[in-house]
Amino acid sequence: MVVITKIEVFQVDLPLKEGRYAWARGKYVDVFDCTLVRISTDVGVSGVGEVTPLGSFYLPAYGPGAREGIRLLAPHLLGMDPTQLELINATMDEALMGHSYCKSPLDMACWDVLGKLCKQPVCVLLGGRFNASIPLYRAISQQSPEDMASKVAGYRHEGYRKFQLKVGGDPARDVACIRAAVDKLDIAGGDTLVADANRGWLAEEATRVVRAVQELDIYVEQPCATYEECLKVRQRTRHPFVLDESIDSLAAFLRAHADQAMDAFNLKISKVGGLTRARQIRDLGAGLGYAMTIEDSWGGDVVTAAIAHLAASTPPRCLYASTDFNSYVTLSTATGAPQRQNGRMEASTAPGLGVELRDDVIGQPVDVYTTTAA
């Protein structure tokens with residue numbers, strides 16, 4: 001039996017290469033508050049995890065809250081076997097109700113340990129390497145229609161073929177942004193555009209937008225704040241419909257499936273509590289024939305590695321896209337992380353997640369939890 005002897009927690013700021021990331025209703029982030037964890041065991045094998053919320057006003061998650069949640073959870077995991085992942089998750093759920101994002105980096109680190117002990121990449125343990133390379137989407141931050149269209153053209157030149165356009169503000173302006181972006185794409189040749197409102201529209205605003213662009217071959221994503229409002233808009237459009245923020249648990253997924261509320265969904269690892277819970281939803285979604293984007297709320301090298309492994313183990317017909325968050329930020333926190341090439345990335349073939357923290361970059365831990373024997 002392997003046991004957890006130490007849990008270290010690190011805090012790192014991740015600045016954006018573009019300076020600012022903006023989305024619906026004027027929300028933006030300049031620097032991301034990243035929490036990294038390293039779990040050590042009595043056999044000398046360690047695993048790493050990460051959670052990086054998208055500010056404090058996107059989901060019910062924020063950077064200091066992640067570390068406070070880990071402070072409550074860590075003592076319950078010391079002395080446990082990190083390879084017993086369902087037991088680990090059940091223990092965390094008993095110790096802290098909700099707050100899935102706090103559990104995600106701990107679960108992620110346990111998967112890393114399991115992979116290293118088994119001498120297998122995490123994607124193999126998650127179901128197998130279905131995809132040698134993974135298609136990426138690029139998120140286009142809110143700017144003027146001209147600037148957003150220019151960004152689409154630039155990233156398309158770098159190899160991206162899937163784009164997520166941040167809308168969710170003034171409907172007339174959003175329609176202009178959508179049309180300007182579509183003009184830069186070769187939709188017939190396989191390029192795709194998702195108009196992502198991030199819950200920014202009222203139902204009547206969303207209805208105006210989808211009717212104004214009804215002849216365009218695009219996706220519409222999470223137009224409204226509530227599930228009920230999204231369902232109303234879903235019934236008014238023929239566009240492929242994506243749910244994101246509403247899918248925060250297995251129960252939420254099952255409700256959306258029963259209501260025929262979506263054609264595709266976004267699966268964010270930290271939003272559902274880590275790789276263990278994400279795999280459950282992923283497998284059910286694949287079995288029911290849904291397209292999905294495998295991602296997280298945000299992240300750096302470790303989150304990008306975890307995304308790559310979950311995406312690599314997803315059946316190709318159900319994998320719409322994934323994302324390389326580490327390419328958006330200026331700081332690299334780990335070695336071995338996936339790097340994009342021509343709009344795609346690959347999961348590591350090394351055991352575990354295939355990444356190791358850069359101690360010279362992340363500095364000293366802000367919290368350390370140990371067993372008395374450690």
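Owing to the predicted nature of the structure, the values given are computational and were not obtained by experimental measurement.
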Requested in this report: May I have all residue pairs that pass ring pair (Phe, Tyr, Trp, His ring centres under 6.0 Å) and include part of residues 153-188, sequence neighbours excluded?
Outcome: Tyr155-Tyr160
Query raised in the report: How would you list all residue pairs meeting ring pair (Phe, Tyr, Trp, His ring centres under 6.0 Å) that involve residues 60-94, not counting sequence neighbours?
Result: none
Nearest 0.5 Å please: distance from the [atom1] atom of [X] over to the [atom2] atom of [Y].
X      : Y      : atom1 : atom2 : result
Gln364 : Glu8   : CD    : CD    : 9.0 Å
Asn131 : Thr314 : CG    : OG1   : 7.0 Å
Ile140 : Tyr21  : CD1   : OH    : 9.0 Å

Set of side chain to side chain contact (heavy atoms under 4.5 Å, CB included) partners for [X], sequence neighbours left out:
X      : result
Glu356 : Lys116, Thr335
Arg161 : Arg156, Asp191
Leu87  : Met80, Gln84, Thr91
Thr330 : Pro15, Lys17

Requested in this report: Could you walk me through whether Thr207 and Lys232 pass side-chain contact (heavy atoms from CB on, under 4.5 Å), step by step?
Outcome: CA-CA 9 Å; Thr207 302; Lys232 185 186 299 183; over 6 Å; no
Query raised in the report: With hydrophobic residues grouped by side-chain heavy-atom distances under 4.5 Å, do Ile39 and Trp111 end up in a single group?
Result: no
Query - same_hphob_cluster(Leu243, Leu202) at 4.5 Å side-chain heavy-atom cutoff - result: no
Taking the basic N atoms (NZ, or NE/NH1/NH2) and the acidic carboxylate oxygens, is any pair closer than 4.0 Å for [X] and [Y]?
X      : Y      : answer
Asp248 : Lys268 : no
Glu229 : Arg236 : no
Glu295 : Lys162 : no

Sequence neighbours excluded, which residues qualify as side-chain hydrogen bond (donor to acceptor under 3.5 Å, both in side chains) partners of [X]?
X      : answer
Thr83  : Asp81
Gln280 : Glu86
Ser327 : Arg138, Asp324, Arg340
Gln142 : none

[X] vs [Y] side-chain heavy atoms within contact, under 4.5 Å:
X      : Y      : value
Thr35  : Glu50  : no
Val272 : Phe253 : no
Thr293 : Thr323 : no
Leu16  : Trp298 : yes

Report summary line: Residues joined to Val124 in its hydrophobic cluster, side chain to side chain under 4.5 Å directly or through other members, sorted by chain and number, are none
Query raised in the report: If you group Ile, Leu, Val, Met, Phe, Trp and Tyr whenever their side-chain heavy atoms sit less than 4.5 Å apart, what else falls in with Val194?
Result: Tyr219, Val242, Tyr320
May I ask you to check whether over 12 heavy atoms, not counting those of [X], lie within 6.0 Å of atom [atom1]?
X      : atom1 : answer
Tyr28  : OH    : no
Glu158 : CD    : yes
Gln341 : CD    : no

Requested in this report: For the residue pair Lys103 and Asn89, confirm or rule out a side-chain donor-acceptor distance under 3.5 Å.
Outcome: no
Query raised in the report: Between Ser46 and Arg38, do the side chains contain an N or O donor and an N or O acceptor separated by less than 3.5 Å?
Result: no
Requested in this report: Answer yes or no on whether Arg199 is positioned over the face of Tyr58, meaning its NZ or CZ is under 6.0 Å from the six-membered ring centre and within 45° of the axis.
Outcome: yes
**Report entry** Leu14/Tyr328 under side-chain contact (heavy atoms from CB on, under 4.5 Å): CA gap, chis, key distance, verdict
**Finding:** CA-CA 9 Å; Leu14 298 179; Tyr328 290 74; over 6 Å; no
Report task. Please assess Asp296 against Ser270 for the test side chain to side chain donor-acceptor pair (under 3.5 Å), listing each intermediate value before the final yes or no. Result -> CA-CA 6 Å; Asp296 210 327; Ser270 65; 2.5 Å; yes
Query raised in the report: Passes salt bridge (Lys or Arg N to Asp or Glu O under 4.0 Å), Glu215 versus Arg179? Steps please.
Result: CA-CA 11 Å; Glu215 85 283 6; Arg179 291 191 175 280; 2.8 Å; yes
**Report entry** Working for salt bridge (Lys or Arg N to Asp or Glu O under 4.0 Å), residues Asp33 and Arg67
**Finding:** CA-CA 11 Å; Asp33 184 344; Arg67 295 183 289 278; 2.9 Å; yes
